[in-house]
Amino acid sequence: MGWLNLLKQDRGGQLFLALLALGTLLVPLLNLLLPDGHPLHLSTYTVTLLGKYLAFALLAIAVDLAWGYLGILSLGHGAFFALGGYAMGMYLMRQIGERGVYGDPILPDFMVFLNWDALPWFWYGFDMFWFAALMVLLVPGLLAFLFGWLAFRSRVTGVYLSIMTQALTYALMLAFFRNEMGFGGNNGLTDFKELLGFDLQADTTRIGLFVISALMLALGYIVCRAIVQSRLGRVAVAVRDAEDRTRFIGYRVEHIKLAIFTFSAVLAGIAGALYVPQVGIINPGEFSPLNSIEIVIWVAVGGRGTLYGAAAGALMVNYGKTYLTGALPEVWLFALGALFVLVTILLPKGVIGLMNRKEAAS
């Protein structure tokens with residue numbers, strides 16, 4: 001099979017997918033088959049936490065595709081992630097119907113509270129899952145396409161492009177905080193009830209979301225691996241290493257950047273859509289520039305330009321975040337900053353680079 005050929009020379013990817021498959025099988029079994037008092041039992045809370053980590057891992061792969069293989073340090077992928085999350089959140093809000101606090105069959109509770117008379121036009125269609133799923137892909141993809149078309153044709157590169165992507169996500173955060181935008185303002189969208197008729201609070205639904213997240217992570221990895229091994233991927237690496245020379249050879253550098261950047265944004269939107277039903281909320285805080293910087297740290301810690309390293313970095317850093325925010329909440333941001341500085345100085349190729357170096361030395 002074609003996808004097996006993609007992984008023949010990718011030992012790290014093989015190990016990553018094997019561990020992912022093992023986890024996808026074990027986690028539901030440990031949750032559903034073992035009683036609560038068993039030492040190996042996984043609580044539903046833990047399953048939900050792991051599912052959230054998998055969504056973050058998919059987001060990290062999206063960032064690594066643009067940064068590790070194309071050389072675009074995006075500080076705005078948190079915006080694409082949040083837009084995909086809002087598209088899913090709007091669908092989930094439309095499913096509440098009369099079960100909301102105010103019992104309105106059409107308007108979400110926050111609109112009733114703010115005295116909205118009718119559903120805004122941009123909420124139409126979100127009562128249908130297929131439409132919401134389409135918007136999860138189209139909204140981040142279209143924004144990335146328009147932004148990239150303007151930036152790349154103007155030949156904006158390096159730190160200037162990074163600042164522009166950060167400004168984009170900051171502008172969106174400020175806009176979504178406004179109640180007039182029709183997205184719940186500061187509180188965002190929450191109090192979700194069901195997804196495709198399944199109760200979101202049920203243990204089996206949580207297991208289903210975890211499994212879907214794992215499958216989408218595996219699929220996302222394989223598709224990104226196919227891209228980087230294709231001619232497009234090889235030219236993207238050439239653009240990263242010698243953009244002017246690649247342009248002089250005759251390649252349309254702007255088109256290559258635009259294609260990969262747009263696909264990376266779509267992948268981030270899918271990650272956001274997987275994240276929202278598992279955490280139960282989406283608000284403007286997800287647009288925060290700090291979130292986008294944190295994503296870059298995941299990729300740097302794991303190993304830029306490896307894909308599986310980026311996913312591993314997301315899992316490691318978020319596990320550390322969960323532990324430290326519970327045990328030492330005032331230390332977490334300092335630990336994150338120190339981690340990024342230490343990795344930049346001591347491990348420029350991340351944890352995966354260190355492991356590869358030790359393997360080569362032995």
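This chain uses plain numbering: 1 for the first residue, then up along the sequence. This one's a predicted model, so the numbers in the text were calculated from it and none came from an experiment. For the numbers below, each heavy atom of this structure counts, side chains included, while hydrogens, waters and symmetry mates do not.
His38 contributes atom NE2, which lies 9.0 Å from atom CG of Leu30 (distance to the nearest 0.5 angstrom). To the nearest 0.5 Å, atom CG of residue Asn31 and atom CG of residue Asp36 are 9.0 Å apart. Atom CE of Met128 and atom CD of Gln95 lie 10.5 Å apart (nearest 0.5 Å). Of the inter-residue distances, the one linking Thr48 atom OG1 with Leu209 atom CG reads 8.0 Å to the nearest 0.5 angstrom. A distance of 11.0 Å separates CZ in Phe126 from CG in Leu92, rounded to the nearest 0.5 Å. To the nearest 0.5 angstrom, Trp149 atom CH2 is 10.0 Å from Leu258 atom CG.
Leu40 is not connected to Leu29 by any chain of hydrophobic side-chain contacts under 4.5 Å among Ile, Leu, Val, Met, Phe, Trp and Tyr, and they are in different clusters. Residues Leu34 and Leu25 are members of separate hydrophobic clusters, defined by side-chain heavy-atom contacts under 4.5 angstrom among Ile, Leu, Val, Met, Phe, Trp and Tyr. Transitive grouping of hydrophobic side chains (ILVMFWY, heavy atoms separated by less than 4.5 Å) brings Leu134 and Met93 into a common cluster. Under a hydrophobic-cluster definition in which Ile, Leu, Val, Met, Phe, Trp and Tyr are linked whenever side-chain heavy atoms come within less than 4.5 Å, directly or via other members, Tyr308 and Leu15 are assigned to different clusters. Note: the hydrophobic cluster containing Leu146 also contains Leu138 (ILVMFWY, side chain heavy atoms under 4.5 Å, direct or indirect links).
Nearest heavy atom pair, residue Val156 against residue Leu161, reads CG1-N, 3.7 Å. Shortest non-hydrogen contact noted between Ile61 and Cys224 is CG2-SG, 3.7 Å. Taking every heavy atom of both residues into account, Met88 and Pro277 meet most closely at CG-CD, 4.0 Å. Closest approach of Ala79 and Leu172 over heavy atoms only: CB-CD1, 3.9 Å. Phe210 approaches Thr24 most closely through the heavy-atom pair CE2-CA, 3.9 Å. Residue Met164 comes nearest to Ala151 through the heavy atom pair CE-CB, 4.4 Å, listed as atom of the first residue, atom of the second, then distance.
In terms of modelled atom types and a separation under 3.5 Å, the side chain of Arg178 and the main chain of Gly185 share no donor-acceptor contact. Thr165 contributes a side-chain N or O that, together with a main-chain N or O of Leu75, makes up a donor-acceptor pair within less than 3.5 Å. Looking only at distances, no side-chain donor or acceptor of Ser264 sits under 3.5 Å from a matching main-chain atom of Ile260. Side-chain atoms of Asp64 never come within 3.5 Å of backbone atoms of Val299 as a donor-acceptor pair (strictly under, hydrogens ignored).
At a threshold of 4.5 Å between non-hydrogen side-chain atoms, the residues Glu243 and Lys257 count as touching. At a threshold of 4.5 Å between non-hydrogen side-chain atoms, the residues Leu119 and Pro108 count as touching. Using a 4.5 Å heavy-atom threshold, the side chains of Val296 and Trp67 count as touching. In this structure, Val27 and Leu42 have side chains that are in contact, with non-hydrogen atoms separated by less than 4.5 Å. By the 4.5 Å heavy-atom criterion applied to side chains, Asn186 and Asn283 are not counted as neighbours. Residues Thr204 and Phe198 have side chains not in contact (no heavy-atom distance under 4.5 Å, counting atoms from C-beta outward). For the pair Val276/Leu189, no side-chain contact is recorded, criterion being any heavy-atom separation below 4.5 Å from C-beta on. Counting heavy atoms from C-beta outward, Lys321 and Glu294 have side chains that approach closer than 4.5 Å.
Side-chain contact check for Gln278 and Ser213: at least one donor-acceptor pair (N or O, by modelled atom type) lies under 3.5 Å.
The 12-atom threshold is exceeded at OH of Tyr124, counting heavy atoms of other residues, nucleotides or ligands nearer than 6.0 Å. Counted within 6.0 Å of OH on Tyr323, heavy atoms from surrounding residues, nucleotides or ligands total 12 or fewer; the atom is thus considered open. Atom CZ of Arg99 is surrounded by more than 12 heavy atoms from other residues, nucleotides or ligands within 6.0 Å. Taking a 6.0 Å sphere around OH of Tyr102, one finds it holds more than 12 heavy atoms contributed by other residues, nucleotides or ligands. Atom CZ of Phe177 has more than 12 heavy atoms from other residues, nucleotides or ligands within 6.0 Å. Counting non-hydrogen atoms of other residues, nucleotides and ligands closer than 6.0 Å to CZ of Phe131 gives a total above 12.
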Stepwise side chain to side chain contact (heavy atoms under 4.5 Å, CB included) check, Ile106 with Met111: CA-CA 10 Å; Ile106 302 297; Met111 290 187 184; over 6 Å; no

CA sep, side-chain torsions, deciding dist, call: Tyr319, Leu49, side chain to side chain contact (heavy atoms under 4.5 Å, CB included): CA-CA 9 Å; Tyr319 173 77; Leu49 197 63; over 6 Å; no

Trace of the side chain to side chain contact (heavy atoms under 4.5 Å, CB included) decision for Leu219 with Leu215: CA-CA 6 Å; Leu219 180 60; Leu215 293 176; over 6 Å; no

Worked check of side chain to side chain contact (heavy atoms under 4.5 Å, CB included) between Leu65 and Leu70: CA-CA 7 Å; Leu65 181 65; Leu70 191 58; over 6 Å; no

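Between Asp203 and Arg206 there is no salt bridge, since no side-chain nitrogen of the basic residue lies less than 4.0 Å from a carboxylate oxygen of the acidic one.
Between Phe183 and Phe176, the ring planes are parallel. Angles under 30° get that label, and only those over 60° would be called perpendicular. Note: Phe56 and Trp298 have tilted aromatic rings, judged against thresholds of 30 and 60 degrees for the angle between ring planes. Ring pair Phe16/Tyr221 is tilted by interplanar angle, where 30° to 60° counts as tilted. The aromatic rings of His77 and Phe261 lie perpendicular to each other, with more than 60° between the two planes, well past the 30° mark.
Results of the side chain to side chain contact (heavy atoms under 4.5 Å, CB included) test with Tyr170 over Ser292, Ser288, Pro289 single out Pro289 as the only residue that passes.
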